[in-house]
Amino acid sequence: MQNKLGNIAWVTGASEGIGCALIKQLAAAGWTVAATSRSGEKLSELAEQETSGAIHPFPGDITVTNKMEMLVAAIEKELGTIDLAILNAGTHIPITGKTFSVESVRELVETNLMGTVNCLNPVLKRFIQRRSGTIAVVSSLAGYRGLPTSAGYGATKAALINMCEALKPELDQFGVSLHLINPGFVKTPLTNKNTFPMPFLISADRAAREILTGLKRPKFEITFPFGFSVIMKFIRIIPDRLFFVFSRKLISK
Ligand SMILES: NC(=O)c1ccc[n+]([C@@H]2O[C@H](COP(=O)([O-])OP(=O)(O)OC[C@H]3O[C@@H](n4cnc5c(N)ncnc54)[C@H](OP(=O)(O)O)[C@@H]3O)[C@@H](O)[C@H]2O)c1
């Protein structure tokens, strides 16, 4: 099946949560999917379950720069040129003032920020050269403002938002389509760590649908669910004084 966005998709963080839902929906829509995460075993199980044979495991750790270079080359050699790259792999470690540690922040930066950079680099080079391709970087609405327990996670996601904004206009000139994905709360192993009630929580299947529908449109930023996005967009622009009244309430809960 010929998709508007192409035929070959690469999804990172494909073994669980949003990435897992994405690869299943892409396969069902006729894409050939290269699926990456550290757990090759889980990817192989997912590939076996998908009877069409559309899912191809390419296991790897996104924090290893050379590995991602080699992986992208291997995907293109085995499956063909990548048309769509969804850089979704990420992790979350709740960090507060009391639990703040260099190690935790470093792990979040290495995975969420530098891991995404490691994947973006080989894809960008190829897409710019070909003057085609679609890239989706999964950040978070938590990147809009510093939220309690998100002292490391939010920083990495804010950095991704800023990076995508910086790259977008130039990539447009090269015919490369860059999208920023900012989800709210999605029920996955990542959010299962949260001990607080998560407003507007949606399923991973719904999140994947929102992303794939959004990618068919020319819009830069894809945010969901709608109600929570509106609230977070409002919180993004309120003055600091008001924002801290709100965030103090969150820590006192
Ligand atoms: N869930 C939410 O509410 C939410 C909200 C906003 C944004 N997001 C973002 O959405 C993305 C997916 O989140 P999720 O909730 O689906 O998380 P998840 O269920 O924890 O899944 C994370 C995926 O990333 C992979 N991964 C983690 N570290 C990796 C590494 N170093 N190298 C390769 N793969 C790695 C994991 O597989 P392995 O462990 O096998 O490597 C897994 O497949 C993340 O970027 C997250 O920040 C999530």
Side-chain angles (χ1 to χ4, degrees), residues 10-25 33-47 55 57-68 70-72 85-95 106-120 136-145 147 149-150 152-161 163-164 179-211 214 221-225 228-229 232:
W10 179 36
V11 180
T12 68
S15 62
E16 302 269 9
I18 299 169
C20 178
L22 277 170
I23 61 167
K24 289 179 183 171
Q25 290 180 26
V33 187
T36 294
S37 77
R38 288 164 301 185
S39 164
E41 213 172 295
K42 281 188 198 162
L43 294 177
S44 297
E45 277 170 31
L46 287 166
I55 295 174
F58 284 87
D61 185 336
I62 62 163
T63 64
V64 185
T65 309
N66 293 348
K67 175 73 189 173
M68 288 305 109
M70 290 188 300
L71 202 86
V72 169
I86 307 184
L87 309 182
N88 160 78
T91 191
H92 178 41
I93 306 167
I95 299 178
R106 197 191 306 280
E107 187 178 333
L108 286 165
V109 171
E110 283 300 325
T111 305
N112 295 355
L113 177 57
M114 290 314 298
T116 304
V117 169
N118 288 334
C119 300
L120 187 58
V137 172
V138 180
S139 179
S140 169
L141 288 172
Y144 278 7
R145 289 210 82 155
L147 298 169
T149 75
S150 221
Y153 180 81
T156 63
K157 295 301 183 177
L160 288 177
I161 292 171
M163 186 183 291
C164 289
H179 298 264
L180 173 67
I181 318 289
N182 284 329
F185 290 110
V186 183
K187 185 154 178 46
T188 67
L190 184 144
T191 45
N192 286 344
K193 294 173 195 163
N194 289 342
T195 50
F196 54 87
M198 290 174 273
F200 297 90
L201 185 69
I202 61 168
S203 70
D205 277 338
R206 158 104 185 266
R209 277 199 303 278
E210 295 271 4
I211 293 170
E221 188 190 17
I222 300 167
T223 62
F224 54 85
F228 194 55
S229 307
M232 289 306 293

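Quantities reported herein were computed from a predicted structural model and do not represent experimental measurements. Counting starts at 1 for both ligands and their atoms, following the listed order.
The shortest non-hydrogen separation linking Asp205 to Gln25 is O-NE2, 3.0 Å. In plain terms, the two heavy atoms of Thr63 and Glu110 that are nearest each other are CG2-O, 3.5 Å. Contact between Ile18 and Ile211 at its shortest, heavy atoms only, is CG2-CD1, 3.8 Å. Across all their heavy atoms, Lys157 and Ser140 have their closest contact at CG-CB, 3.8 Å. For Met68 against Gly60, the heavy-atom pair with the smallest separation is CE-C, 3.9 Å. The shortest non-hydrogen separation linking Lys193 to Thr91 is NZ-OG1, 4.0 Å.
Residue contacts with ligand 1 do not include Gly115, since none of its heavy atoms lies under 4.0 Å from the ligand. Residue Gly60 places a heavy atom under 4.0 Å from ligand 1. The closest approach between Ala207 and ligand 1 stays at or above 4.0 Å for every heavy atom of the residue. At least one heavy atom of Lys157 sits less than 4.0 Å from an atom of ligand 1. Ligand 1 lies within reach of Asp61, whose nearest heavy atom is under 4.0 Å from it. The shortest heavy-atom distance from Thr12 to ligand 1 is not under 4.0 Å. Residue contact check for ligand 1: Ser139 places a non-hydrogen atom closer than 4.0 Å to it.
Between Tyr144 and Thr223 there is a side-chain heavy-atom pair separated by less than 4.5 Å. Under the 4.5 Å side-chain criterion, counting only non-hydrogen atoms from C-beta, Met163 is in contact with Leu120. Contact of the Asn118 side chain with the Val64 side chain is not registered, since no non-hydrogen atoms from C-beta on lie closer than 4.5 Å. For the pair Phe58/Leu43, no side-chain contact is recorded, criterion being any heavy-atom separation below 4.5 Å from C-beta on.
The salt bridge (charged side-chain N to carboxylate O under 4.0 Å, His left out) check on Glu221 picks up Lys233, with sequence neighbours excluded.
The shortest contact between atom 22 (C) of ligand 1 and any protein heavy atom is with Gly90 O, 3.6 Å. Nearest protein heavy-atom neighbour of atom 5 (C) of ligand 1: Gly184 O, 2.9 Å. Ranking the protein heavy atoms by distance from atom 19 (O) of ligand 1 puts Pro189 CD, 3.1 Å first. For atom 37 (O) of ligand 1, the nearest protein heavy atom (residue, atom name, distance) is Ser15 OG, 3.0 Å. Protein heavy atom nearest atom 35 (C) of ligand 1, with residue, atom name and distance: Ala89 CB, 3.8 Å. The protein heavy-atom contact nearest to atom 39 (O) of ligand 1 is Arg38 NH2, 2.9 Å. In this structure, atom 13 (O) of ligand 1 lies nearest to the protein heavy atom Leu190 CD1, 3.9 Å. Nearest protein heavy-atom neighbour of atom 44 (C) of ligand 1: Asn88 O, 3.1 Å.
Note on ring orientation: taking the six-membered ring where Trp is involved, the planes of Phe185 and Phe228 are tilted (angle from 30° to 60°).
If you look at Ala204 next to ligand 1, there are no close heavy atoms at all, none under 4.0 Å.
The distance from ligand 1 to the heavy atoms of Ser140 drops below 4.0 Å at these ligand atoms: 6 (C), 7 (C). Per-residue contacts place Gly17 under 4.0 angstrom from the following atoms of ligand 1 (heavy atoms of the residue considered): 16 (O), 19 (O). Atoms of ligand 1 lying under 4.0 Å from at least one heavy atom of Thr191, given by number and element, are 1 (N), 2 (C), 3 (O). Of all the atoms in ligand 1, the ones that sit under 4.0 Å from a non-hydrogen atom of Ser39 are 40 (O). Heavy-atom contacts of Ala14 reach the following atoms of ligand 1: 43 (O) (cutoff under 4.0 Å).
For ligand 1, the polar-atom distance check against Thr111 finds no nitrogen or oxygen pair separated by under 3.5 Å. Considering backbone and side-chain atoms together, Thr188 places an N or O closer than 3.5 Å to an N or O of ligand 1. Annotation: Ile18 places an N or O atom under 3.5 Å from an N or O atom of ligand 1; distance criterion only. Backbone and side-chain nitrogen or oxygen atoms of Thr63 are examined, and none is located within less than 3.5 angstrom of a nitrogen or oxygen of ligand 1. Checking only distances, Phe185 never comes within under 3.5 Å of ligand 1, N or O to N or O. Looking at ligand 1, you'll find an N or O of Gly13 within less than 3.5 Å of one of its N or O atoms.
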- Query: Run the side chain to side chain contact (heavy atoms under 4.5 Å, CB included) check on Leu180 and Ile161 step by step: do they pass?
  - Reply: CA-CA 7 Å; Leu180 173 67; Ile161 292 171; 3.9 Å; yes
